[in-house]
Amino acid sequence: MPDQEFDIVLFGATGFTGGLTAEYLAQNAPTGCRWALAGRSQAKLEAVRDRLVKLNPALAELPLLTAEIGDAPSLRRVAEAAKVVITTVGPYLNYGEPLVAACAAAGTDYVDLTGEPQFVDDMYLKYHDQAVATGARIVHACGFDSIPHDLGAYFTVQQLPGGAPIKMRGVVRAGGMFSGGTFHSAITQMSSMRESMKIAAARKKKEPRPADRKVRGDGGRPRRDGRLGLWIAPMPTIDPQIVLRSARALPAYGPEFTYGHYAGLKRLTTVAGAGVGIGALVGAAQVPPLRKLLLSRVPQGEGPSEAKRARSWFKVIFIAESGDRTVQTEVSGGDPGYGETAKMLAESAMCLAFDENPETSGQVTTAQAMGENLIDRLVKAGISFTVTHDE
């Protein structure tokens with residue numbers, strides 16, 4: 001494609017996580033990076049830019065692009081002007097499709113923070129083929145959903161000899177607050193579970209599977225993990241779906257790959273309580289007045305203080321068995337819901353814009369699209385990928 005006006009355009013900087021992403025770019029974008037903010041309110045964008053100038057005085061003339069999700073021509077102009085578009089505007093089921101459509105048509109790379117399986121599956125069905133034709137890389141789930149899990153599994157596979165079956169489990173531990181946007185996305189997804197299942201089935205029917213390799217998920221059950229000394233319970237998030245898509249796309253995952261995804265907790269009572277709580281949320285999400293009440297209690301666009309974020313942390317442990325080898329790895333970092341998510345999203349966009357990545361197009365995962373390049377970037381940015389045991 002000819003040179004675009006901008007390397008990166010960020011939608012959603014007037015929100016909380018979007019603002020953190022803008023701050024990260026202000027402090028970490030390489031010299032010469034041509035980037036801009038986009039949104040519907042010029043005044044709000046100017047306020048964000050004023051805040052960024054305090055971090056980086058060189059941004060006094062940072063371009064501001066007026067565009068909104070309901071105005072297709074404005075989105076088309078932005079997509080055609082950018083190498084990579086970032087969006088933090090969710091719930092993506094409500095607001096995400098127009099920007100995916102614009103990027104797929106323009107051949108522009110796209111990254112977001114969604115953890116909504118229905119949205120990802122629907123975008124695959126509607127825009128994957130077009131993105132393949134135009135060369136666009138549509139990369140969803142570039143925050144805590146699902147980079148530590150997708151790249152952590154990819155990193156773990158690299159530690160094993162090739163050619164043998166792999167059985168892997170990922171166990172997530174974290175301390176921190178979820179974002180208002182994440183909560184709204186989760187409730188929105190829970191409220192349309194039947195439609196989500198229908199769209200997932202349509203994707204499964206359309207999406208090709210490897211003919212010479214087996215890739216499957218392991219739903220598992222709540223149990224005591226003797227190796228880790230934790231109670232583990234299956235996590236019905238988008239993360240294992242992303243891991244399995246990477247495994248289907250990349251032969252490095254071996255002739256047979258099995259993956260289970262769990263939350264790791266110290267007490268059985270906490271496991272039981274979490275199960276009851278999730279069940280109650282799913283039930284409430286089906287009732288419009290209760291759903292409205294839930295959403296009103298956790299507003300979007302707000303988040304915890306910097307001090308609270310500084311105390312937050314995450315750790316994802318991977319245990320992989322292949323032949324007579326057992327490898328244990330760990331991906332860890334700080335505040336998962338906000339700070340590290342903004343970092344992962346911004347680094348994903350810069351990786352697509354500036355690095356020599358594998359040749360891919362269409363809807364692809366972070367492991368497919370960026371792999372080692374993105375791991376290297378995240379390690380330099382302070383997120384740890386380590387091998388803790390190799391037996």
Side-chain angles (χ1 to χ4, degrees), residues 114-125 128-129 131-132 137-142 145-172 196-197 199-221 232 234-263 316-329 331 357-372 374-375 385:
T114 189
E116 301 160 58
Q118 180 181 335
F119 172 72
V120 174
D121 290 343
D122 198 31
M123 295 305 95
Y124 177 87
L125 291 170
H128 172 74
D129 291 343
V132 169
R137 292 170 290 189
I138 307 298
V139 194
H140 301 289
C142 291
D145 288 324
S146 295
I147 280 181
H149 319 100
D150 187 31
L151 292 185
Y154 177 88
F155 172 79
T156 306
V157 166
Q158 307 307 308
Q159 315 308 314
L160 295 166
I166 299 171
K167 184 173 183 179
M168 183 186 300
R169 64 188 182 274
V171 179
V172 183
S196 181
M197 293 172 65
I199 292 172
R203 174 176 185 155
K204 184 176 180 180
K205 184 176 180 180
K206 177 181 178 180
E207 189 172 23
R209 303 289 176 111
D212 56 344
R213 299 185 297 116
K214 295 180 180 179
V215 176
R216 58 181 175 235
D218 179 5
R221 55 180 176 77
I232 63 173
M235 287 186 70
T237 61
I238 195 173
D239 306 313
Q241 298 178 28
I242 300 291
V243 170
L244 293 173
R245 284 177 193 141
S246 294
R248 294 186 187 105
L250 300 172
Y253 285 69
E256 186 173 340
F257 181 81
T258 305
Y259 181 74
H261 194 68
Y262 302 89
V316 188
I317 304 165
F318 297 89
I319 300 170
E321 300 168 353
S322 181
D324 59 356
R325 287 276 299 282
T326 299
V327 171
Q328 183 173 322
T329 68
V331 180
N357 295 299
E359 290 289 334
T360 56
S361 61
Q363 189 188 100
V364 288
T365 67
T366 54
Q368 275 179 275
M370 294 168 273
E372 288 93 345
L374 186 51
I375 291 175
F385 287 72

Identify which one of Tyr259, Tyr154, Tyr253, Phe257 satisfies the side chain to side chain contact (heavy atoms under 4.5 Å, CB included) criterion when paired with Ser246. Tyr253
From the list His128, Arg245, Arg203, Glu207, side-chain hydrogen bond (donor to acceptor under 3.5 Å, both in side chains) with Gln363 holds only for Arg203
Validation row: Met168, Thr156 side chains within 4.5 angstrom (heavy atoms): yes
Quick one: CG on Asp145 to CD1 on Ile242, what's the gap to the nearest 0.5 Å? 9.0 Å
Just wondering, do Asn357 and Arg137 contact through their side chains at under 4.5 Å, heavy atoms? yes
Nearest non-hydrogen partners of Pro255 and Ala164, listed with the distance: CD-O, 3.6 Å
Closest approach of Pro251 and Ala249, non-hydrogen atoms and distance? CD-O, 3.6 Å
Ala369 and Val139: which non-hydrogen atoms are nearest, and at how many Å? CB-CG2, 4.2 Å
Here the gap from Ile199 atom CD1 to Asp122 atom CG, rounded to the nearest 0.5 Å, amounts to 4.5 Å
Using modelled atom types and a 3.5 Å cut-off, is there a donor and acceptor pairing between side-chain atoms of Asp218 and backbone atoms of Thr258? no
Does the pair Phe318 and Val331 meet the rule for a side-chain contact (heavy atoms from CB on, under 4.5 Å), with working shown? CA-CA 8 Å; Phe318 297 89; Val331 180; 4.0 Å; yes
Working to the nearest 0.5 Å, report the span between OG1 of Thr365 and CG of Asp150. 4.5 Å
Can you name the closest pair of heavy atoms from Glu116 and Thr114 and give their distance? N-OG1, 3.0 Å
Evaluate the side-chain proximity of Ile147 to Leu374: yes if any heavy-atom separation is below 4.5 Å, no if none is. yes
Aromatic plane relationship, His140 with Phe119 - under 30° parallel, 30 to 60° tilted, over 60° perpendicular: perpendicular
Calculate, to the nearest 0.5 Å, the distance between atoms CD1 and CE belonging to Ile375 and Met370 respectively. 11.0 Å
Rounded to the nearest 0.5 Å, how far apart are NE2 of His261 and CG of Asp239? 4.0 Å
Applying side-chain contact (heavy atoms from CB on, under 4.5 Å) to Val243 and Ser146, what does each step give before you reach the verdict? CA-CA 8 Å; Val243 170; Ser146 295; over 6 Å; no
Please indicate whether Lys206 has more than 12 foreign heavy atoms, meaning atoms of other residues, nucleotides or ligands, lying under 6.0 Å from its NZ. yes
Test side-chain contact (heavy atoms from CB on, under 4.5 Å) applied to Val172 and Thr237, step by step: CA-CA 11 Å; Val172 183; Thr237 61; over 6 Å; no
What heavy-atom pair brings Ala320 and Ile166 nearest, and what distance separates the two atoms? CB-CG2, 4.3 Å
Shortest non-hydrogen pair, Ile138 vs Ala131, comes out as CG1-CB, 3.9 Å
Straight-line distance of Gln328 CD to Arg169 CZ, nearest 0.5 Å: 8.0 Å
Might you work through the side-chain contact (heavy atoms from CB on, under 4.5 Å) test for Leu160 and Arg325, ending with a clear yes or no? CA-CA 8 Å; Leu160 295 166; Arg325 287 276 299 282; 4.3 Å; yes
